[in-house]
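The structure presented is a predicted model; accordingly, all values stated were derived computationally and were not measured.
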Amino acid sequence: MITRRTFNAALAFAGTTAMVGALPWKLVNSAFAQEPAAIAKPSTLGDMSLGAKDAPVTIIEYASMTCPHCAAFTKDVFPQIKSTYIDTGKVRFIFREFPLDQVALAASALARCVAKDDSNKYFAIIDILFNQQAGLQNQAFETINRVGKQAGLTEAMIKACVQDDLTVQKGILADREYANQTLKIDSTPSFFINGTLVKGETSFDGFKKIIDPLLKS
């Protein structure tokens with residue numbers, strides 16, 4: 001059975017692993033340009049995306065499950081982007097994990113384990129986790145277990161996901177290191193909109209001002 005002690009030990013391992021090979025984060029010059037191929041490189045575990053693959057605009061979000069600004073974006077801005085641009089075939093939206101702490105890593109792993117290759121299920125579970133962010137921060141063990149069981153996982157499956165089999169966590173950490181070292185992501189949320197880096201919690205109007213001209217070009 002998974003217990004608080006073994007769960008916390010797994011998080012401690014994850015936290016140690018998270019720092020292996022990671023460079024100190026630093027601010028990036030606004031003129032820094034990324035190669036399109038480097039940005040488009042799929043995640044180790046496979047990109048989770050919504051929207052048409054041939055949409056004229058692609059938004060890639062880097063987020064941490066314990067980041068309050070990421071939760072605010074998911075709650076207040078993303079639904080408007082989805083209804084206005086994703087559901088109408090204008091935007092393809094990709095979510096990539098960038099955990100800032102051990103709890104965010106465990107929560108991201110849980111979402112991957114629940115969803116497997118189902119993007120719709122993945123976005124549904126991260127929405128639930130963001131909505132229960134206070135629980136993640138204050139009662140990580142209880143919250144991850146509760147959300148996992150509500151999503152259909154058994155206690156044994158949750159234990160395997162966040163404690164025993166570290167394949168998913170290692171994939172997430174490898175992608176975080178790549179994003180940090182190669183793409184210079186140093187904060188969450190960060191977005192690439194057709195290759196242009198946008199940092200911080202941005203309003204829907206802010207996204208609209210960037211997206212609409214791209215649709216006309």
Side-chain angles (χ1 to χ4, degrees), residues 18 22-100 104-105 108 111-112 115 119-120 122-123 126-127 130 171-217:
L23 294 177
W25 289 346
K26 58 184 178 181
L27 295 177
V28 181
N29 188 297
S30 60
F32 186 86
Q34 299 290 349
E35 291 292 331
I39 299 170
K41 179 178 177 292
S43 301
T44 301
L45 302 173
D47 277 337
M48 290 296 183
S49 66
L50 294 176
K53 291 185 177 180
D54 60 351
V57 175
T58 297
I59 299 175
I60 302 173
E61 178 188 8
Y62 286 87
S64 173
M65 300 310 301
T66 52
C67 160
H69 295 294
C70 301
F73 167 80
T74 298
K75 177 182 177 182
D76 301 327
V77 181
F78 180 75
Q80 298 178 76
I81 292 176
K82 186 175 185 298
S83 61
T84 304
Y85 296 111
I86 299 173
D87 293 345
T88 56
K90 298 172 183 176
V91 163
R92 182 186 183 213
F93 192 95
I94 299 171
F95 184 97
R96 290 179 180 166
E97 302 96 343
F98 195 88
L100 297 178
L105 176 60
S108 293
R112 286 280 185 172
S119 286
N120 287 319
Y122 179 82
F123 276 87
I126 64 170
D127 183 68
F130 273 131
I172 292 170
L173 291 173
D175 290 332
R176 192 190 80 161
E177 184 174 353
Y178 176 83
N180 178 229
Q181 295 191 16
T182 302
L183 304 181
K184 307 305 178 186
I185 300 298
D186 56 13
S187 61
T188 58
S190 289
F191 305 88
F192 283 107
I193 305 177
N194 275 14
T196 298
L197 181 59
V198 179
K199 293 185 177 184
E201 183 185 347
T202 303
S203 67
F204 175 72
D205 287 340
F207 276 96
K208 183 176 176 63
K209 289 177 182 177
I210 299 173
I211 295 171
D212 286 355
L214 293 173
L215 295 174
K216 296 176 183 177
S217 62

- Run the ring-centre check on Phe207 versus Tyr85 and record whether the distance is less than 6.0 Å. no
- Query: Would a 4.5 Å heavy-atom cut-off, applied to side chains only, mark Thr74 and Ile126 as touching?
  - Reply: no
- Item | Over all atoms of both residues, closest heavy-atom pair of Ser83 and Thr88 | O-CG2, 3.8 Å
- Task: Compare every heavy atom of Cys70 with every heavy atom of Cys67, then report the nearest pair and how far apart it is.
- Result: SG-SG, 2.7 Å
- Query: Which atoms form the tightest heavy-atom contact between Lys184 and Lys199, and what is the distance?
  - Reply: O-NZ, 4.3 Å
- Message: Once ring pair (Phe, Tyr, Trp, His ring centres under 6.0 Å) is applied, do any residues pair with Tyr62, and if so which ones, sequence neighbours excluded?
- Response: none
- Is the shortest heavy-atom distance from the side chain of Tyr178 to the side chain of Thr44 under 4.5 Å? no
- Query: Do you know which two heavy atoms are closest between Pro189 and His69, and how far apart they sit?
  - Reply: CD-CB, 3.7 Å
- Query: Could you walk me through whether Ile59 and Ile94 pass the side-chain contact (heavy atoms from CB on, under 4.5 Å) check?
  - Reply: CA-CA 6 Å; Ile59 299 175; Ile94 299 171; over 6 Å; no
- Task: Only pairs at least two apart or in different chains count here, so list each salt bridge (charged side-chain N to carboxylate O under 4.0 Å, His left out) that has a residue in residues 40-49.
- Result: Asp47-Arg96
- Item | Considering all heavy atoms, the nearest Asn194-Thr58 contact | OD1-N, 2.8 Å
- Message: Return the CG to NZ distance between Leu215 and Lys90, rounded to the nearest 0.5 Å.
- Response: 6.5 Å
- Measure up the Phe73 and Phe93 rings against each other and bin them: parallel (under 30°), tilted (30 to 60°), perpendicular (over 60°). parallel
- Message: What verdict does the side-chain contact (heavy atoms from CB on, under 4.5 Å) test give for Phe204 and Thr84, after you've listed the backbone C-alpha separation in whole Å, the side-chain angles of each residue and the deciding distance to 0.1 Å?
- Response: CA-CA 10 Å; Phe204 175 72; Thr84 304; 3.8 Å; yes
- Task: Step by step, work out the side-chain contact (heavy atoms from CB on, under 4.5 Å) result for Val77 and Thr202.
- Result: CA-CA 8 Å; Val77 181; Thr202 303; over 6 Å; no
